[in-house]
Amino acid sequence: MTLISKKKINYAIGPELRDYLHEYDRETKLPVTYRDLLRYSGSFPLMDRQGRDTLWQTVFYEPSTLIELSADLAKVYALLRTDGDLSFTDHLLADRIDYCQFGNSNPFRVRIVNQLNDNYDYFYVKRADASRVYGLELEHLLSPNRINYLVCGDSLIEEHIAGIPGDDFIRDHLQRPHLNQVRIAKEFVKFNERCFARLLGDMRAYNYVIIATPDFEDEQYRVRAIDFDQQSYEGKKTMYLPQFFKDNRRVVQMCGKLLTTETIRQYQAEERTLIARRVRLERYRLKDLMDVMRRDDVSTPEKTAQLKQELNKHYGTDAFDRCRNMGDVVHQNLKMMLLARPRPD
């Protein structure tokens, strides 16, 4: 069983990473920041439709503060979704703000409502952290998913990623008769491979979502990460393999029941081929990112040394001994993953 023993250290965004974010239009001026949202005057627990505690608190503000915040949050949404076109903001309203004390980023979740048709969307305001930003960028470049986010000073704005939370899916959907379990198993193998390739850790069930898309004969599924706090921080290799987390056990058992060893290797090879194609497509931007990351510090020397040792053993090599920090480890691991023959652990 894989456990995280201590809360992750926050790493400030350095000048080189800031330059990278500016170069690729990730940094902008915002009318409201994380600190502004901390001025709430009270809160109450947010429950789901079944009456279960969501671990979020709905916060409320003084009336004058709320009026100002609502207008500014609508502008932030416009910056995120329409590249700053403010002509749509007159009919947008931030009607609810939730706060989560659980986890590393202590995020605020903002619900934006279109007053013309009552449709709503969400976005998140978090404390900016260098390893989290690296995680978002690697997700954008190496996964099948594009992702929108913005940085301003020590504030991070992230889009909402729609889907069924993994823990809800495992609890409520996994045994439904219409579910194509083989396709779910296949996608989990591919998700496991993507996480390990770029060393994205802590993919417990509540840190990813399942997206179901109706097809002409059946449903297709995709497993998508929604939390990037543990990008290449921990020292244990198993932290970067979702298969080793206790709350993913039912999916892992399903994979073992429905997929042969050779089929697992096939799906791993398919995903590595797709990652290699994304690397070639984004090679210049990826090089810029890795150059910055390899000169940055996003973990402790002790954790870095442990992961180097465990990855050397995993691949049967001593190549990781030459890595100076976690940026080097991510770079070397990506190279090794794309060259190595897939094998289920």
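Residue indices begin at 1 and follow the sequence shown.
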Checking F169 against V251 for the side-chain contact (heavy atoms from CB on, under 4.5 Å) test, could you report, in this order, the C-alpha distance in whole Å, the side-chain angles of both residues, the deciding distance, and whether it holds? CA-CA 10 Å; F169 188 90; V251 184; over 6 Å; no
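- For the pair Q231/E139, no side-chain contact is recorded, criterion being any heavy-atom separation below 4.5 Å from C-beta on.
- Every salt bridge (charged side-chain N to carboxylate O under 4.0 Å, His left out) that E271 has, sequence neighbours left out, goes to K190, R194, R278.
- Annotation: side chain of S43 is not in contact with side chain of W56 (no heavy-atom distance under 4.5 Å).
- Residues forming a salt bridge (charged side-chain N to carboxylate O under 4.0 Å, His left out) with R127 (at least two apart in sequence, or on another chain): none.
- Of the inter-residue distances, the one linking L174 atom CG with Q253 atom CD reads 10.0 Å to the nearest 0.5 angstrom.
- Of all non-hydrogen atoms in L259 and Y267, the two that sit nearest each other are CD2-CE1, 3.9 Å.
- No donor-acceptor pair closer than 3.5 Å links the side chain of S70 to the backbone N or O of L66.
- At least one side-chain heavy atom of N106 sits under 4.5 Å from a side-chain heavy atom of Y34.
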Run the numbers on Y134 and R198 for side-chain hydrogen bond (donor to acceptor under 3.5 Å, both in side chains), then give the verdict. CA-CA 10 Å; Y134 287 124; R198 34 76 68 92; over 6 Å; no
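- Other residues, nucleotides and ligands contribute over 12 non-hydrogen atoms within 6.0 Å of the NE2 atom of H173.
- A donor-acceptor contact shorter than 3.5 Å links the side chain of T54 to the backbone of L46.
- In this structure a side-chain-to-backbone donor-acceptor pair under 3.5 Å is missing from S131 to N10.
- Here the straight-line distance linking atom SG of C100 with atom NZ of K126 works out to 9.5 Å at 0.5 Å rounding.
- One hydrophobic cluster, built from ILVMFWY side chains closer than 4.5 Å, holds both L138 and L338.
- A continuous path of ILVMFWY side-chain contacts below 4.5 Å connects L311 to M293, so both sit in one hydrophobic cluster.
- G135 and F228 get closest at one heavy-atom pair: O-CD2, 3.8 Å.
- For the residue pair E234 and Y240, no side-chain donor N or O sits within less than 3.5 Å of a side-chain acceptor on the partner.
- More than 12 heavy atoms of other residues, nucleotides or ligands shown are found within 6.0 angstrom of CZ on R171.
- Across all non-hydrogen atoms, the minimal contact from Q268 to V189 is CG-CG1, 4.0 Å.
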Please test D296 against N325 for side-chain contact (heavy atoms from CB on, under 4.5 Å), starting from the C-alpha separation and ending with a verdict. CA-CA 8 Å; D296 207 349; N325 57 26; over 6 Å; no
Determine, step by step, whether E159 and R81 satisfy the salt bridge (Lys or Arg N to Asp or Glu O under 4.0 Å) criterion, reporting the C-alpha distance in whole Å, the side-chain angles of both residues, the deciding distance to 0.1 Å, and the verdict. CA-CA 8 Å; E159 68 176 352; R81 289 297 192 182; 3.2 Å; yes
For a side-chain contact (heavy atoms from CB on, under 4.5 Å) check, start with the C-alpha distance between I112 and L93, then their side-chain angles and the critical distance, and finish with the verdict. CA-CA 5 Å; I112 294 287; L93 173 70; over 6 Å; no
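- Listed for the R250 side chain is a donor-acceptor partner under 3.5 Å among the backbone atoms of I170.
- Across R294, R322, K308, a single residue satisfies salt bridge (Lys or Arg N to Asp or Glu O under 4.0 Å) together with D328, and that is R294.
- The aromatic rings of F196 and Y315 lie parallel to each other, their planes meeting at an angle below 30°, with 60° marking the opposite boundary.
- With hydrogens and angles ignored, the 3.5 Å screen pairs a side-chain donor or acceptor of R39 with a backbone N or O of D36.
- Side-chain atoms of Y284 and D288, non-hydrogen and from C-beta on, never get closer than 4.5 Å to each other.
- T317 and N312 share no donor-acceptor pair across their side chains, judged by distance under 3.5 Å alone.
- By the ring-ring contact (aromatic ring centres under 6.0 Å, His included) test, Y120 pairs with Y122, sequence neighbours left out.
- A salt bridge does not link R183 to E217: none of the charged nitrogens lies less than 4.0 Å from a carboxylate oxygen.
- A pairwise comparison of heavy atoms in M47 and D53 identifies SD-CA, 3.4 Å as the closest pair.
- N333 places a side-chain N or O within 3.5 Å of a backbone atom of A197 that can act as its donor or acceptor partner.
- By the 6.0 Å contact criterion, CG on D48 is enclosed, its count of non-hydrogen atoms from other residues, nucleotides or ligands being greater than 12.
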For a side-chain hydrogen bond (donor to acceptor under 3.5 Å, both in side chains) check, start with the C-alpha distance between E137 and Y24, then their side-chain angles and the critical distance, and finish with the verdict. CA-CA 10 Å; E137 274 296 297; Y24 290 100; over 6 Å; no
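- L30 places a side-chain heavy atom less than 4.5 Å from the side chain of I157.
- Between the side chains of Q266 and E262, no donor-acceptor pair of N or O atoms lies under 3.5 Å.
- Atom CD of Q309 is surrounded by 12 or fewer heavy atoms from other residues, nucleotides or ligands within 6.0 Å.
- Remark: R295 pairs with E16 by the salt bridge (charged side-chain N to carboxylate O under 4.0 Å, His left out) rule, at least two apart or across chains.
- A single hydrophobic cluster is seen to contain both I211 and I147, as judged by linkage of ILVMFWY side chains at heavy-atom distances under 4.5 Å, directly or through other members.
- Between the side chain of D247 and the backbone N or O of A205, at least one donor-acceptor pair lies under 3.5 Å.
- Residues satisfying the side chain to side chain contact (heavy atoms under 4.5 Å, CB included) criterion with A71, sequence neighbours excluded, are absent altogether.
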Check the pair V252, N192 against side-chain contact (heavy atoms from CB on, under 4.5 Å), reporting the backbone distance first and the verdict last. CA-CA 10 Å; V252 174; N192 198 72; over 6 Å; no
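- Side-chain contact between Q230 and M203: absent, with no pair of heavy atoms (C-beta onward) separated by less than 4.5 Å.
- Checked against salt bridge (charged side-chain N to carboxylate O under 4.0 Å, His left out), E27 has the following partners two or more places apart in sequence or in another chain: R18.
- The closest side-chain heavy-atom distance from L37 to L73 is below 4.5 Å.
- Note: H91 and F88 have perpendicular aromatic rings, judged against thresholds of 30 and 60 degrees for the angle between ring planes.
- Taking the side chain as every heavy atom from C-beta outward, D202 and Y233 never approach each other to under 4.5 Å.
- A side-chain contact (heavy atoms from CB on, under 4.5 Å) with F123 is found for one member of L80, L79, N148 and no other, namely L80.
- A salt bridge links K8 with D129: the distance from a Lys NZ or Arg NE/NH1/NH2 to an Asp or Glu carboxylate oxygen falls below 4.0 Å.
- Note that CD1 of I210 and CZ of R224 are 12.5 Å apart. Values are rounded to the nearest 0.5 Å.
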